[in-house]
Amino acid sequence: WAKAAGGATYSFYDGPVAQRVQRRHRLNVLLRQALERGEFHLHYQPRLDIRTGHVTGWEALLRWNQPTEGNISPAEFIPVAEESGLILEIGDWVLRQAVAQQASWIGQGLCPGTMAVNLSPRQFRMPNLSRQIAEILALHAVEPESLELEITETALMEDVSSAREILSEISRMGVKLAIDDFGTGHSSLNYLRDFPFDRLKIDRSFVICLGHDSQQEAIAQAIIVLAHALNLSVVAEGVETESQLQYLGANQCDEIQGFLFSRPLPPAECERLLRDRQDIATMPHTRASCR
Ligand code: C2E
Ligand code: MG
Ligand code: MG
Ligand code: MG
């Protein structure tokens, strides 16, 4: 297979496949040190109620600033960590960090809403996941209802019956569950019925098409109707334009997330945003509570 279709010849040692293998190997080595050396941090992207514009919650997104390589995208390193199993330690760190952040915001009198954390398939298969979550919540005295876990369809596929059991356990604790990137994986509509999800996140690939591709629009509309019929609230990810926002509002989408309102932000900027908005929320005649 040394000869590529274009006629160029690659040797095993420097072809694109080998380069990818080497890059993954290198990332693996670097990832092992990243936790101990404190190279990870979290950014948080707000989620907004489409009707009121209020911040309803945040999604914690992992950031890796590697001293020699610079910023490496989670889209690149999460799969590597998933493959090596290191995701278990990294995922535990993310959960702890996000819940601690939530506790700190609540302690400052801010109303952050729910904190959503992405769970990888491998974490999801840990037998003691719900115990780990309960322990972290108790440690920071955070209500289970203010934590949300985002899970993709792929994570559910591997072992459907144990997945259902784990999710039910977590859901009974009061922790919220969201199905992430909906519409991109092997979407089985049964998942929506059989798993105790609270929220569905429509993948960005559908949002991008709003206003351009009537077939993708039809699917997005149908997803919203279906989700509501099954008692799930709907978030659109990756909202970048006013016209997408308008389209989603007209089609009863509940919440939005995306660069149109805000990129994922470092904690200090999140706090500023919460404070600015809180001024409005605590004016007379508006509800002063966090909910
Ligand atoms: P995701 O969970 O679907 O997260 C949404 C991604 O879309 C984030 O990319 C976010 O920065 C990006 N995004 C949000 N709004 C917009 C927008 O308007 N336009 C565009 N172009 N992008 C937008 P990010 O932070 O690079 O994360 C990529 C993926 O990496 C995440 O997709 C998630 O699957 C994974 N990931 C990130 N952090 C974690 C983590 O702590 N644990 C696990 N297991 N996975 C994570
Ligand atoms: Mg997510
Ligand atoms: Mg997503
Ligand atoms: Mg996505």
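Counting convention: from 1, in listed order, for ligands and their atoms alike. Fair warning: this is a prediction, and the values are worked out from it, not measured in the lab. Side chains included, hydrogens not; waters and symmetry mates left out as well; all remaining heavy atoms used.
- Contact check on E89 versus R32 returns no salt bridge, with no Lys/Arg side-chain nitrogen under 4.0 Å from an Asp/Glu carboxylate oxygen.
- Electrostatic pairing of R204 and D181 does not count as a salt bridge here, judged by no charged N lying under 4.0 Å from a carboxylate O.
- Here 4 is the count of protein N, O or S atoms positioned under 2.8 Å from the Mg ion (ligand 2), waters not counted.
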Please table the atom pairs, donor to acceptor, closer than 3.5 Å between any side-chain atom in residues 37-48 and protein atoms at least two apart or in another chain.
unit_1: R37; atom_1: NH1; unit_2: Q33; atom_2: OE1; d: 3.2
unit_1: E39; atom_1: OE1; unit_2: W64; atom_2: NE1; d: 3.0
unit_1: Q45; atom_1: OE1; unit_2: Q257; atom_2: NE2; d: 3.0
unit_1: Q45; atom_1: NE2; unit_2: S262; atom_2: O; d: 2.9
unit_1: R47; atom_1: NE; unit_2: E255; atom_2: OE2; d: 3.1
unit_1: R47; atom_1: NH2; unit_2: T114; atom_2: OG1; d: 2.7

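- Between the side chains of S161 and E165, not a single donor N or O lies within less than 3.5 Å of an accepting N or O.
- Here atom 26 (O) of ligand 1 lies nearest to P74 when heavy atoms of G258, G238, A60, P74 are compared.
- Here the straight-line distance linking atom CD1 of I256 with atom CG of D49 works out to 9.5 Å at 0.5 Å rounding.
- Of all atoms in ligand 1, listed by their number and element, those nearer than 4.0 Å to a heavy atom of S120 are 44 (N).
- Rounded to the nearest 0.5 angstrom, I179 CD1 and I202 CD1 are separated by 12.0 Å.
- Under a 4.0 Å N-O distance rule, the pair R23/E76 qualifies as a salt bridge.
- Checked by atom type, the side-chain pair T68/Q66 shows a donor-acceptor distance below 3.5 Å.
- Ligand 1 lies within reach of R204, whose nearest heavy atom is under 4.0 Å from it.
- For ligand 1, the atoms sitting less than 4.0 Å from at least one non-hydrogen atom of E237 are 3 (O), numbered in the order shown with element in parentheses.
- A salt bridge links K201 to E59: one of the charged nitrogens lies within less than 4.0 Å of a carboxylate oxygen.
- Contact analysis leaves E82 out of contact with ligand 1, as no non-hydrogen atom separation drops below 4.0 angstrom.
- The distance criterion of under 3.5 Å between nitrogen or oxygen atoms is met by N118 with respect to ligand 1.
- Residue-level proximity to ligand 1 for V239 is carried by the backbone, the only part with a heavy atom below 4.0 angstrom.
- At least one heavy atom of E240 sits closer than 4.0 Å to an atom of ligand 1.
- For ligand 1, the atoms sitting less than 4.0 Å from at least one non-hydrogen atom of V94 are 41 (O), numbered in the order shown with element in parentheses.
- Checked for salt-bridge contact, K176 and E145 miss the test: no charged N lies under 4.0 Å from a carboxylate O.
- Judged by the shortest distance from any of its heavy atoms, R63 lies inside the 4.0 Å radius around the atoms of ligand 1.
- At least one heavy atom of P264 sits less than 4.0 Å from an atom of ligand 1.
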